[in-house]
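Note on naming: letters A, B, ... go to the chains in the order of the sequence lines (proteins, then strands), and numbering restarts at 1 for each one. Below, each value reflects all heavy atoms present in this structure, side chains not excepted, and no hydrogens, waters or symmetry copies.
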Protein chains: 2
Amino acid sequence: MLDTALRQRRALLHETRCQTCSLASLCLPLALDIEDMDQFDAIIRRRAPLKKGEPLVRQDAPFTSVYAVRSGSLKQVTSEGRGDDQLTNFYLPSEMVGLDGIDAQRYPGSVIALETTTVCEIPFDRLDALSERLPELRAQIYRSMSKEMHEDRRMLRLLSRKTADERLASFFTSLSARFRRRGYSAYSFRLSMSRGDIGNYLGLAVETVSRILTRFQQQGLVTVSGREVNILDLAALEALAEGEGGA
Amino acid sequence: MLDTALRQRRALLHETRCQTCSLASLCLPLALDIEDMDQFDAIIRRRAPLKKGEPLVRQDAPFTSVYAVRSGSLKQVTSEGRGDDQLTNFYLPSEMVGLDGIDAQRYPGSVIALETTTVCEIPFDRLDALSERLPELRAQIYRSMSKEMHEDRRMLRLLSRKTADERLASFFTSLSARFRRRGYSAYSFRLSMSRGDIGNYLGLAVETVSRILTRFQQQGLVTVSGREVNILDLAALEALAEGEGGA
DNA sequence: CGAACGATTGAGCCTAGTCAACATACGTGG
DNA sequence: CCACGTATGTTGACTAGGCTCAATCGTTCG
């Protein structure tokens with residue numbers, strides 16, 4: 001039995017090494033050579049997997065680390081005032097959590113696992129120190145942050161100009177692209193978030209999300225069964241997402 | 001006459017030095033000591049002032065530099081599809097323009113002067129190289145980006161949860177705070193942007209902006225005459241911005 | 001001084017929110 | 001393994017906030 005535990009532990013350690021990580025090509029150490037990757041690897045902290053609903057970071061907690069998602073998914077929720085939560089982000093494997101806490105030195109929202117989720121913890125002070133010697137790593141940090149800003153701008157546009165249908169279509173095409181990029185099917189996947197989460201994220205009432213999903217099915221764009229999604233007409237969804245509904 | 005030109009040029013050079021810049025305490029070199037500031041100063045490029053309506057950067061142009069606003073103001077506009085512009089940001093003195101272009105190596109939107117505006121151009125490759133040796137500078141770059149992400153999240157919440165009244169109130173209180181921080185009056189200022197710009201930014205029709213402004217005046221919250229704004233009851237505006245209208 | 005643009009005001013409409021009832025899935029303990 | 005309770009999802013009816021269209025007024029600039 002001890003043997004099993006040992007093997008599991010070794011497997012875990014093995015898995016946690018960047019060099020053998022299947023996400024390495026999408027993650028922070030992306031551009032590093034073998035030697036540098038070892039240095040990077042050395043500052044990463046292992047973490048027990050998070051269970052569904054468990055917070056990775058809590059809003060307003062002191063900023064110490066950023067995190068790379070290895071498997072599973074999370075949502076970022078910012079509470080302000082009484083019960084007025086806003087879901088500001090979903091995080092999928094290879095994406096970075098916590099970069100928005102650098103400025104205020106506190107995390108601006110809680111980040112909560114949507115399913116069983118594993119992450120790599122990267123203490124920021126050590127990352128920063130390492131980035132001093134590794135220009136490629138520095139560039140990758142800048143790129144990650146810049147990309148998130150870029151994404152946020154897309155989201156601003158979605159919220160201020162798009163109709164409910166366009167928002168849902170955007171949501172699906174964006175998820176589809178993100179899954180594809182990670183080597184999963186672009187057409188068939190399982191949502192880890194509830195309708196409520198989706199609505200909150202897209203600025204829509206749950207009822208609206210539900211209604212539009214049934215309409216999308218009637219239109220033959222997708223099939224949805226619970227959280228199982230099948231995209232039938234990606235091109236049409238993409239057109240819809242860009243506002244070519246009937247204009 | 002040559003003498004005049006010479007003096008002007010010297011004045012310009014003088015003004016453009018970080019050490020004598022009144023914004024130094026808000027800007028990138030914030031935490032640098034005198035010596036380091038000189039190094040930073042050396043990589044900055046002077047730029048002729050932009051006239052109203054003139055673009056500082058154009059959407060999709062190759063990313064080369066970031067910019068610090070010295071005086072005036074600008075807006076960032078992202079066009080997608082036909083005529084579907086989204087105003088994603090306003091930039092005031094000491095704020096950084098262009099950081100969202102690092103990832104794609106292109107500027108994700110055009111940035112256009114709203115009035116006569118001067119900026120410091122900072123070539124990014126040289127900034128990055130310098131940041132290798134100056135941890136304080138690096139920290140400040142991270143902080144700038146992180147702050148912008150944070151701001152974007154606030155904006156997401158505004159667009160997805162707030163009513164038109166709350167949005168306008170937020171807009172005014174935010175401007176007020178930004179002016180105060182720069183040493184200007186928090187209660188009396190001139191808008192450099194049109195009603196159309198405000199509406200576009202806040203996800204509202206121009207007519208709605210106009211209507212709410214007149215209502216705010218009737219309620220004794222502000223006086224507005226053209227682009228001249230006087231805040232009469234900042235506390236009430238702040239309460240409104242946070243959704244304490246009648247709840 | 002006139003033209004062009006920006007701002008204001010009014011009337012009617014439409015999208016998505018709210019409230020309410022019902023259906024389904026989930027998971028926990030007997 | 002099933003039964004129950006709770007959380008999640010769906011559907012319907014009604015409402016309202018903000019958009020559109022349209023006309024008018026004001027202001028800035030050539």
Without decimals, in angstroms, what is the distance between L114(B) CG and dG6(C) C1'? 15 Å
With distance as the sole test, does S194(B) use its side chain to make a donor-acceptor pair with the main-chain N or O of D197(B) at under 3.5 Å? yes
What's G226(B) touching, base or sugar-phosphate or nothing? Going by heavy atoms closer than 4.0 Å. nothing
Separation of dG12(D) P from R215(A) CZ (nearest whole Å): 13 Å
What's S210(A) touching, base or sugar-phosphate or nothing? Going by heavy atoms closer than 4.0 Å. base
For F216(A) and dT11(D), what is the distance between atoms CZ and P respectively, to the nearest whole Å? 15 Å
Walk me through whether K147(A) and D100(B) qualify under salt bridge (charged side-chain N to carboxylate O under 4.0 Å, His left out). CA-CA 7 Å; K147(A) 184 172 186 172; D100(B) 49 4; over 6 Å; no
Counting only side-chain heavy atoms from C-beta out, which of dT8(D), dA7(C), dT10(D) sits nearest to R195(A)? dT10(D)
Can you tell me how far P of dT10(D) sits from CZ of R227(A), to the nearest Å? 10 Å
Donor-acceptor side-chain pairing of Q217(A) and T223(A) below 3.5 angstrom: no
Please determine, by modelled atom types, if Q59(A) and T78(A) share a side-chain donor-acceptor pair under 3.5 angstrom. no
T88(A) versus Q76(A), side-chain donor and acceptor atoms under 3.5 Å: yes
Please report, rounded to the nearest Å, how far the P atom of dT28(D) is from the CD atom of E115(B). 15 Å
Within this structure, what is the CG-to-P distance between L191(B) and dT27(D), rounded to whole angstrom? 16 Å
In B/S/- notation (B base, S sugar-phosphate only, - none; protein heavy atoms under 4.0 Å), nucleotides 17-26 of chain D written 5' to 3' is -SSBBB----
Working note: E95(A) + R178(A), criterion salt bridge (charged side-chain N to carboxylate O under 4.0 Å, His left out); need CA distance, chi angles, decisive distance, verdict. CA-CA 10 Å; E95(A) 294 177 339; R178(A) 283 157 88 183; 3.0 Å; yes
Between dT15(C) atom C1' and L202(A) atom CG, what is the distance in whole Å? 16 Å
Assert yes or no for the condition that the ring centre distance of Y201(A) to F90(A) is strictly below 6.0 Å. yes
In whole angstrom, give the distance that lies between atom CD of E228(A) and atom P of dT8(D). 18 Å
